Number of protein chains: 2
Amino acid sequence: MAQTKADLFQEDEIMCASYAKALSHPARVAILKVLAQRKSCVCGDIVEELPLAQATVSQHLKELKEVGLIQGTIDGPSVCYCINPEGLQRAQKLLSGLFTAAAKCCG
Amino acid sequence: MAQTKADLFQEDEIMCASYAKALSHPARVAILKVLAQRKSCVCGDIVEELPLAQATVSQHLKELKEVGLIQGTIDGPSVCYCINPEGLQRAQKLLSGLFTAAAKCCG
DNA sequence: ATCGTCTATCGTAGATTTACGATTAAACTA
DNA sequence: TAGTTTAATCGTAAATCTACGATAGACGAT
């Protein structure tokens with residue numbers, strides 16, 4: 001059992017869930033906040049800010065990158081991460097759309 | 001390993017992630033949409049709308065209820081589910097706060 | 001009281017996520 | 001070139017999530 005049925009839903013529901021999933025761990029929320037505050041977005045700085053090992057942070061960064069919320073550019077030996085405005089906007093639009101639709105229910 | 005470190009983060013990051021987690025499966029997004037559209041929010045109706053077994057839907061409803069996004073009131077033999085406006089608003093506020101903060105980054 | 005309906009819960013299997021040490025790969029430095 | 005730094009990836013263990021059948025509990029109808 002437990003073969004996933006997540007793809008039996010509508011496209012926008014799946015996208016909405018994907019973005020929400022990317023934000024569903026405090027570490028990833030924290031990463032976005034760090035990126036928002038700092039000008040320099042070097043990976044090492046992020047690792048220092050979080051109570052997690054380097055490998056774990058790298059994994060979280062990968063998830064955020066895969067869904068398109070952040071992007072990383074190689075800067076010499078290190079990698080500079082940055083929020084991806086387009087992805088962020090798309091996520092915001094989808095989620096706030098859900099919220100405003102839902103708010104209409106139940107008077 | 002893999003003992004959770006999710007509680008080493010800030011309160012608002014944890015809350016933000018909790019709401020996002022509740023929305024991180026297409027079925028739960030779909031449930032919110034059904035509740036938004038229908039006036040009658042009987043559990044059985046929701047089960048019919050989704051390509052999932054009754055037990056699975058009940059589980060998803062439980063998760064949405066536990067995080068405070070929906071509420072259920074017993075109506076005779078059945079249960080009437082409804083969106084919880086306060087929880088929804090709180091989720092919206094936290095997540096849109098994150099989005100607007102993040103949007104400031106990177107010019 | 002018994003039966004049928006409706007929903008929650010239990011038990012469980014399989015998949016995915018989380019976390020980290022160890023290793024690898026790339027690039028700079030001496 | 002050899003050594004150092006930086007970040008991604010591999011391998012893996014534990015935890016959590018997803019999904020469903022079976023069962024239980026509550027309620028209304030007969």
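The figures here come from the full heavy-atom set of this structure, side chains too, leaving out hydrogens, waters and symmetry mates. Naming convention: chains lettered A, B, ... in sequence-line order (proteins, then strands); numbering from 1 in each chain. Because the structure is predicted, anything quoted here is derived from the model rather than measured.
Between A:Y81 and the phosphate of D:dT6, there is no side-chain N or O to OP1/OP2 separation shorter than 4.0 Å. Close to C:dA8, at under 4.0 Å from its OP1 or OP2, lies a side-chain N or O of B:S58. Look at B:K5 and you'll find a side-chain N or O under 4.0 angstrom from OP1 or OP2 of C:dC20.
Taking atom CD1 of residue B:I31 and atom P of nucleotide C:dT7, one finds them 13 Å apart after rounding to whole Å. In this structure, B:L52 places its CG atom 17 Å from P of D:dC17, rounding to the nearest Å. In this structure, A:D7 places its CG atom 13 Å from C1' of D:dT18, rounding to the nearest Å. Whole-Å rounding puts the B:L50 CG to D:dT18 P distance at 14 Å. Atom-to-atom, CG of B:L8 to C1' of C:dC20 comes out at 14 Å; the value is rounded to the nearest Å.
Across all strands, B:T56 comes closer than 4.0 Å to base atoms (heavy-atom distances). Across all strands shown, B:V42 has heavy atoms under 4.0 Å from sugar-phosphate atoms exclusively, and none from any base.
In terms of position on DNA chain C, the residue among A:D75 and A:K21 whose nearest nucleotide sits closer to the 5' end is A:K21.
Each of D:dA19, D:dC17, C:dA8 was ranked by its minimum atom distance to the side chain of A:T4; first place goes to D:dA19. Of the candidates D:dT9, C:dT7, C:dA19, C:dA19 carries the atom nearest the A:H25 side chain, counting heavy atoms from C-beta on.
A:I74 CD1: 12 or fewer foreign heavy atoms inside a 6.0 Å radius.
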Side chain to side chain contact (heavy atoms under 4.5 Å, CB included) assessment of B:K65 paired with B:Y81
CA-CA 9 Å; B:K65 196 163 58 178; B:Y81 279 101; 3.8 Å; yes
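Residues from residues 59-70 of chain A lying near DNA chain C, meaning a heavy-atom separation below 4.0 Å, are A:Q59, A:H60, A:E63 in numerical order.
Linking Ile, Leu, Val, Met, Phe, Trp and Tyr residues whenever their side-chain heavy atoms come within less than 4.5 Å places A:V47 and A:L52 in a single cluster. Connection of B:I70 to B:V42 is not established within any shared hydrophobic cluster, with ILVMFWY side chains joined at heavy-atom distances below 4.5 Å, either directly or through further cluster members.
Salt bridge status for A:R38 with A:E49: present, with a side-chain N to carboxylate O gap under 4.0 Å. Salt-bridge formation is not detected for the pair B:D12/B:K93: no Lys NZ or Arg NE/NH1/NH2 atom is positioned less than 4.0 Å from an Asp or Glu carboxylate oxygen.
Looking at A:L88 and A:N84, their side chains never come closer than 4.5 Å, going by heavy atoms from C-beta outward.
For A:E13 (side chain) and A:Q10 (main-chain N/O), a donor-acceptor pair under 3.5 Å exists by modelled atom type. With hydrogens and angles disregarded, a donor-acceptor distance shorter than 3.5 Å links the side chain of A:S24 to the backbone of A:K21.
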Do nucleotides 22-30 of chain D as a string where each nucleotide becomes B, S or -: B if the base has a protein heavy atom under 4.0 Å, S if just the sugar-phosphate does, - if no protein is that close.
B----SS--
